[in-house]
Undergrad: 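Have a look at the structure that comes next, please.
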Amino acid sequence: MESPPTPPLPTVVLDGDSLDQLNKPEAKALLDTIDSLREIQVSDIVNLPQIIVVGDQSSGKSSVLEAISGVQFPVDDDVCTCFATELILRRAPGTSVNVSIQFADDAPSAARGDALRQPFRRSTFNKRDLPDIIKEAKERMGMRQGGILKFSSNVLRIEISASDVYPLTLVDLPGIFHSATANQDMEGKAIVHRLVDNYMRQPKSIILAVVAANNPLANQLVLEKAQTHDPNRARTIGVITKPDLAGSKSERIYLDLAKGRESMHKLALGWYVLRNRSEAERLSKTEARDAAEERFFRTGAWSSISLANRGVESLRKRLSKVLFDHIKTSLPSVIEDITANLSTRQEELNRLGRSRSTPDELRLYLLHVADKYQRLARDAIGGRYNDKFFGGIEEQKMKLRARLRNLNRAFDLLMTKRGGRYRIVSDKRDSNSDSGGNDEEEYPEYLRAVVEEYGAPEPETKTDSELVAKLQKLASLNQGMEFPGEANSNFARQLFMDQAAPWHGIAWAHLELALKVSQEFVEGAFIHITGVDESTSGAIVNDFVDPFFEAKREKLRAKLEELLHPYARGCGLPLEDEFRRNLRGIALQRLGRRIAERLKQKNTELFRPITAERHIQEALRDLDKAESDNFGSSKVIEMMKAFYDISLRTFTDNVINLAVERCLVYHIPTLFTSEDIHKMTIEKLQELASESEEVRTQRLALQDEVRILKDGLHIVRDCYSITLTDSGGKCNSAASDDECKSATTNPWKRNTTNLVNGAVRDQYQSSASSLSDATAAGVPKSCFQRANHPYTSLHSEYERRQQHDSYYSSYCHWFRRRII
């Protein structure tokens, strides 16, 4: 059984000479650099231009495209341009040809389905293949060849990738026509105008406005459209075709236009005159076409046109400059993007540290980790968030001090509002002066999520009378040797212990949350410091972080029991003066409120409730007598409240300062220290710091990417600098004052140019002609690409020759001192 034939390898045959002229040496160098950065997603930001050819029907648009590119575009009537055709050239390691139809939204579904079921299958492309591809595309779009000429909003896209081409996009558009004829209707006119407008308005489009010299200038709609879409005339190049067919009157008008004497249609990029093939010359080669054009311009009226503005070679040179100028406008953003990528990768590389295998290297790496960790820990505890590790102003997770302070606020609020078993309110629900907290007031928005993490239950609400009634029953069961009607202080302590029962749960929840946010910070710090080295960060967490926090959890548990002991056992003593003041204030508040209620009942029309309570409290400030019952229940409640308020403040403060700060936060920087590392055995060092294969691979990849980015940044900056100055080192008119000063005073640029002209020139004899072209254009050596040679900067070239070049040592010293 015979094996299936091997499919042919993809091949692309283009006119290399014509396309090369569209890219000046500076542009080739810059595009090579951009291409070398594609693998690390830097080149995607470069906005590459496209050349679009616009003009009236039969103005010679397709012939212009063919002349400047060497690719044969259809010019016969049976395959005239009925839709947009994009020829896209892209640089790639392999060769490929991809032909597709980009259907417009209003395209018939039948045609769309046929194209999807039967895609174009092409593995080769020759400069004469385009007319056949367009014929096939017409069939796939369902466009008839006879009768009314149909136009389409669909786009035929031919994408060619090869290693020896430079990025370029050529767009052939249908010709503009003025009115309907037997062969084309008004619907087609609307489609053409819409398609042309869409391409002309794109900022990346370089417009070739083609006008035929045998057609009156006033009839050329393309000039009106160019004025609309490019009012500054910054993207429009004028092209005059068919000069050999112009009448005497038209000839004078178009000669003035080409020489810039026609005031209405002056273009900043100028006008160019082309003499394209006649019908009899259609099959002639490109060289014959160019020779015939040159002979035409030697004689007659058109010979008065400047050499720089006639012939296809002059147009290619102008296009090459316009293309390069368009690309170089992207250079500032390219430099910014490369710098950001370089910074990111350099930081990742720094976090990985140097390659480590010996005990000394392992110990040195861990010492770096410990030093960095301690700095981050001290900054986090001190609330200094300048390191990138802490994130921006809207990020909080790694900002340890901020999270602890929010926890403290939430803990304080919860102890006030939910710390008591009962929420004690007056019989009239006037709870503003009663202790025990009031949860009606909302928590601050930034604390609500934190408060919910505590899971503290709401206290049970009781009025004064309900609590007194309950206490009377309990007091009767707990009477001692006190006189009748006097308060039993021991009973008040028991009531306090019952009221403070929730303290333990809320306080332990606070300590658990403090442990949680602290451990999140510590683990995040080690992950940040070690980067992708998960084995080291994981080992440090297992051997140091986890044991540290387990020990601190037990320490905090014991500390909480210590702080709670005097309140849970009822053996705590308040400060006497403060206790008496609190007790007297509570008694007077209650007494004043009761008297005010009684007065309002007896003298409603005279009593002013707004001020009465305050006046009565002042009048009774020195009154020692208070209402009492058989067991002094009201007095017991007042004693409990006074002691509760004092103890609550003391306990809350102690939990925050003596437990969280002293037992936990203070010790976080000492979790992983240089002393610990110096005591480690070789086996322990290897366990913690030996790098994995993944880390070694990552380091090599990062080192390679950093090298590419540094070279790319150096080259792009050089290319950008040279675009701001002319060949004599003076500023271009388009450069700003700051850009000009930088370009002309940059010692690297000046010395690079000197080096090109001196020590390194003999190392590039194999490409002397290309070097001569680049040097003549004012291109630094570091901005020049040798044919079939990887793109390298001057610094890299010197580095490879350091053993053979006596100049290297002094140059390297100068370069590093001035640049790095």
Side-chain angles (χ1 to χ4, degrees), residues 18-19 21-24 27 47-56 59-71 73 84 86-87 167-173 175-176 196-197 199-213 215 217 220-243 253-276 290 293 297 302 305-329 734:
S18 298
L19 293 174
Q21 290 182 25
L22 292 174
N23 286 288
K24 57 194 303 186
N47 187 17
L48 295 175
Q50 60 184 8
I51 299 173
I52 67 171
V53 182
V54 188
D56 286 4
S59 61
K61 305 183 316 315
S62 298
S63 295
V64 170
L65 269 180
E66 181 177 330
I68 63 177
S69 68
V71 177
F73 282 79
E86 296 181 356
L87 178 61
L168 180 67
T169 299
L170 304 172
V171 182
D172 190 19
L173 295 170
I176 303 169
V196 168
D197 289 339
Y199 275 93
M200 291 185 75
R201 71 168 58 99
Q202 297 178 28
K204 68 178 181 178
S205 293
I206 297 170
I207 303 168
L208 291 187
V210 180
V211 295
N215 188 13
L217 186 63
Q220 312 272 1
L221 285 180
V222 64
L223 299 178
E224 180 182 340
K225 287 187 174 293
Q227 176 66 34
T228 300
H229 298 295
D230 183 25
N232 297 325
R233 306 299 179 94
R235 299 185 288 115
T236 304
I237 300 175
V239 180
I240 302 171
T241 61
K242 304 185 180 181
I253 294 174
Y254 281 102
L255 281 170
D256 288 342
L257 183 66
K259 294 176 181 179
R261 297 173 183 170
E262 206 280 336
S263 59
M264 288 295 295
H265 301 295
K266 287 187 176 181
L267 298 176
L269 300 179
W271 283 91
Y272 295 81
V273 186
L274 268 62
R275 188 268 184 195
N276 291 322
D290 293 350
E293 182 181 60
F297 285 121
W302 295 97
I305 302 296
S306 169
L307 289 172
N309 292 88
R310 71 190 196 199
V312 68
E313 186 172 345
S314 298
L315 178 58
R316 290 192 195 113
K317 288 180 180 179
R318 165 56 74 178
L319 279 173
S320 72
K321 184 179 187 309
V322 174
L323 288 168
F324 178 60
D325 288 344
H326 185 99
I327 295 172
K328 80 181 182 183
T329 58

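Remember, predicted model here, so these are calculated numbers, not experimental data. Residues take their numbers from the sequence shown, with the count starting at 1.
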Undergrad: When you compare the side chain of K225 with that of V54, does any pair of heavy atoms fall below 4.5 Å?
TA: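 Not in contact.
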
Undergrad: Measure the spacing between NZ of K266 and CZ of R261 and express it to the nearest 0.5 Å.
TA: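 Atom-to-atom, K266:NZ and R261:CZ are 10.5 Å apart.
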
Undergrad: Yes or no on side chain to side chain contact (heavy atoms under 4.5 Å, CB included) for L257 and I240, after CA distance, side-chain angles and deciding distance?
TA: CA-CA 9 Å; L257 183 66; I240 302 171; 4.0 Å; yes

Undergrad: If every non-hydrogen atom of L267 is compared with every non-hydrogen atom of G238, which pair is closest and at what distance?
TA: CD1-N, 3.3 Å

Undergrad: With a 4.5 Å heavy-atom cut-off, do V53 and L173 have their side chains touching?
TA: no

Undergrad: Return the minimal non-hydrogen interatomic distance between V222 and A209, and the atom names on each side.
TA: CG2-CB, 3.9 Å

Undergrad: Mark yes or no for whether Q220, through its side chain, and L223, through its backbone, hold a donor-acceptor pair below 3.5 Å.
TA: no

Undergrad: Using every non-hydrogen atom in the two residues, find where T169 and V171 come nearest and quote the distance to one decimal.
TA: CG2-CG2, 4.1 Å

Undergrad: Report the distance from atom OG of S263 to atom CG of D256, rounding to the nearest 0.5 Å.
TA: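 Separation between the atoms: 10.0 Å.
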
Undergrad: To the closest 0.5 Å, what do you measure between CG (L87) and CG (D172)?
TA: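 The CG atom of D172 is 10.0 Å from CG of L87, to the nearest 0.5 Å.
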
Undergrad: Do you know which two heavy atoms are closest between W302 and P243, and how far apart they sit?
TA: NE1-O, 3.3 Å

Undergrad: What is the minimum heavy-atom distance between W271 and N309, and which atoms define it?
TA: O-ND2, 2.9 Å

Undergrad: Give, for atom CG of L208 and atom CD1 of I51, the distance between the pair rounded to the nearest 0.5 Å.
TA: 6.0 Å

Undergrad: With distance as the sole criterion, is a donor-acceptor pair present between the side chains of T241 and N276 under 3.5 Å?
TA: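 Judged by distance alone, the side chains do not pair up.
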
Undergrad: Can you name the nearest heavy-atom pair linking V273 to F297, along with the distance?
TA: O-CZ, 3.5 Å

Undergrad: Would you say that V322 contacts L269 through its side chain, given a criterion of any heavy-atom pair below 4.5 Å between the two side chains?
TA: yes

Undergrad: Can you tell me which residue pairs pass the side chain to side chain donor-acceptor pair (under 3.5 Å) test with a partner in residues 227-240, sequence neighbours excluded?
TA: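 As it turns out, the side chain to side chain donor-acceptor pair (under 3.5 Å) pairs with a partner in residues 227-240, which skip direct neighbours, are D197-H229, Q227-R233, D230-T236.
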
Undergrad: Going by heavy atoms in the side chains, are V210 and L274 under 4.5 Å from each other?
TA: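 No, their side chains stay 4.5 Å or more apart.
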
Undergrad: Supply the atom-to-atom distance K61 NZ to F73 CZ, rounded to the nearest 0.5 angstrom.
TA: 11.0 Å

Undergrad: Any donor-acceptor pair under 3.5 Å linking the side-chain atoms of Q50 with those of E86?
TA: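 Note: E86 and Q50 side chains miss the donor-acceptor criterion.
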
Undergrad: Please confirm whether the backbone N or O of A308 pairs with a side-chain atom of R318, one donor and one acceptor, at under 3.5 Å?
TA: no

Undergrad: For the NZ atom on K321, are there more than 12 heavy atoms of other groups (residues, nucleotides or ligands in this structure) within a distance under 6.0 Å?
TA: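 No, the 6.0 Å shell around NZ holds no more than 12 heavy atoms from other groups.
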
Undergrad: Would you call L217 and M264 a side-chain contact if the rule is heavy atoms closer than 4.5 Å?
TA: no

Undergrad: For the CD atom of Q202 and the CD1 atom of I207, what is their distance to the nearest 0.5 Å?
TA: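 Separation between the atoms: 10.0 Å.
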
